[in-house]
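A short write-up of the structure that comes next.
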Number of protein chains: 2
Amino acid sequence: MRNPAPTGSARARDVMATRSKPAAEETNRRADIVRAAGRLFHAKGYSATTIRDIAGAVGMRSGSPFYHFKTKQDMLRAVVLEGLTAISTAVAVAAHSGKSPRATFEAMLRAHLGQLLGVEGRDFAATLLHESRHLDPEVQAELVELKDRYEAMWQKALKDLKRAGLIADDSQVARLFLLGALNWTVQWYRPDGSRTIEQIARQLADLVIGKPQRL
Amino acid sequence: MRNPAPTGSARARDVMATRSKPAAEETNRRADIVRAAGRLFHAKGYSATTIRDIAGAVGMRSGSPFYHFKTKQDMLRAVVLEGLTAISTAVAVAAHSGKSPRATFEAMLRAHLGQLLGVEGRDFAATLLHESRHLDPEVQAELVELKDRYEAMWQKALKDLKRAGLIADDSQVARLFLLGALNWTVQWYRPDGSRTIEQIARQLADLVIGKPQRL
DNA sequence: TGCTACCAAGCAAGCGCTTGCTTGACAAGC
DNA sequence: GCTTGTCAAGCAAGCGCTTGCTTGGTAGCA
């Protein structure tokens, strides 16, 4: 009786994402499942990915993941939440880096693309973008606030650019075009291709703002 | 024995899309299935859509669609092909409208968005964008040429704009950004929303080129 | 009579998920 | 130092259901 007897549900610590510890104390096996699920959801899509796929990817039998997650939906939820918090954090850090408006904007582009295309956790963000619709409505509602906050960061970034006289249009549609261009990179970017994430971010910044003028 | 006896397969005229007649002579019921499949594939995704869903949507029993299509994959193929040929045709018409570079470009944007968001056949184009990966590789290879041709049209459009001095960057990445902004509209455009397709096309043209200057 | 277009019924495989049980690690009691 | 109890983590088996697809038959039209 070391712990004060959880919630009543016999097994599975189900909650997650409302935990106190930052990570690391995460059981590891649970994190393994989330990683494998993210990779497979991204590669094949949620519906086309089976529990047996995920279990096999971490060397388990098909029933065992359900010790860690109540349902397959919960796995998707974990993946998407991971992606959303990770990309939010990364871009928020870039947004408050205190550089010039243009440098800040470019840093935000790099952060977004890094989460989407980089090695670590790229499947989380990609799954977030393309498989969120398979979450049932209650969970989607849970995400709305986080998403809104994320989009507000970009809206503010555009406002700052306009105030600095670097762009002409900081409307909502302009933000949607920008995020569209960013998110669509998932469809064509190849890590072994000729373009680096930094180059892509730079080029998009040039496109939106124009080349930086040396004074 | 009106046709020279197809391939040997007993039922289903399977081929399609390599037909001589343009449409209209299409059995109607087969076209119904393609429309329903497109709508459902777009709404729920290919894997999450069942044959029973599609059959039910056209008032058939679950086995009957297989009179018209050999497999579920073939239905997806028909939807995607329909989407790709339709959007290619629409944009090609706009590209050769003989107007000014800017007006031509904006017409192409309208055509692309019209296919993607408009009423007629929007599910075909949307399915093309998001569900093509569920086609097996041979069919995907079949589409590559068509896709390349489509992208080349946009590349040429950018080249013309640059030659006219209206944009600075006509690189491939610029084209990918542009198509990303366009294709991402599927995620946020609502037909009953406050923005029309024309407005969106205009705004994107402004963003890429800058507001038109009255001489 | 023959062909088109469909239905009624159902098959084999695979699906998400549950159940009862095993295993290894660790701590408490004697 | 050995037993005993507890717990996290997983396995083996399989349940009920759904899936894509098949098959044999037939109503209606030409």
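In the text below, chain A, chain B and the rest are named by the order of the sequence lines, each starting its count at 1. All heavy atoms count here, side chains included; hydrogens, waters and symmetry mates do not.
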Whole angstroms only, please: what is the [atom1]-[atom2] distance between [X] and [N]?
X        : N       : atom1 : atom2 : answer
Leu76(B) : dC21(D) : CG    : P     : 12 Å
Arg52(B) : dC15(C) : CZ    : C1'   : 13 Å
Met60(A) : dA13(D) : CE    : C1'   : 18 Å
Ile54(A) : dG10(D) : CD1   : P     : 15 Å
Phe69(B) : dC6(C)  : CZ    : P     : 12 Å
Asp74(B) : dG20(D) : CG    : P     : 14 Å

Original post:
Any idea how His130(B) and His130(A) line up, ring-wise: parallel (<30°), tilted (30 to 60°), or perpendicular (>60°)?
Top reply: tilted
May I ask you to evaluate whether [X] reaches the phosphate of [N], defined as a side-chain N or O under 4.0 Å from OP1 or OP2?
X        : N       : result
His68(A) : dA8(D)  : no
Tyr67(B) : dA5(C)  : yes
Arg61(A) : dG10(D) : no
Arg29(B) : dC6(C)  : yes

Original post:
From the list dG16(C), dT22(D), dC11(D), which nucleotide is the closest neighbour of the side chain of Phe66(B)?
Top reply: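 Given the options dG16(C), dT22(D), dC11(D), the side chain of Phe66(B) is closest to dT22(D).
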Original post:
From the list dC21(D), dC11(D), dG14(D), which nucleotide is the closest neighbour of the side chain of Lys72(B)?
Top reply: dC21(D)
With a 4.0 Å cut-off on heavy atoms, is [X] in touch with a base, just the backbone sugar-phosphate, or nothing at all?
X        : result
Thr71(A) : sugar-phosphate
Thr49(B) : sugar-phosphate
Ser64(B) : base

**OP:** From the options Thr127(B), Val34(B), Thr49(B), Asp136(B), select the one residue that forms a side chain to side chain contact (heavy atoms under 4.5 Å, CB included) with Leu76(B).
**Re:**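 The residue from Thr127(B), Val34(B), Thr49(B), Asp136(B) that satisfies side chain to side chain contact (heavy atoms under 4.5 Å, CB included) with Leu76(B) turns out to be Thr127(B).
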**OP:** Using the closest heavy atom to pick a nucleotide of DNA chain C for each, name whichever of Tyr46(A) or Gly63(B) lands nearer the 5' end.
**Re:** Gly63(B)
Original post:
Under the salt bridge (charged side-chain N to carboxylate O under 4.0 Å, His left out) criterion, do Glu106(B) and Arg202(B) qualify, and how do the steps go?
Top reply: CA-CA 6 Å; Glu106(B) 203 178 310; Arg202(B) 163 77 58 108; 3.1 Å; yes
**OP:** Determine, for Phe69(B) and Arg30(B), whether the Lys NZ or Arg CZ falls below 6.0 Å from the six-membered ring centre while staying within 45 degrees of the axis.
**Re:** yes
Subject >> Donor-acceptor pair, side chain of Ser132(A) and main chain of Leu129(A), under 3.5 angstrom >> reply: no
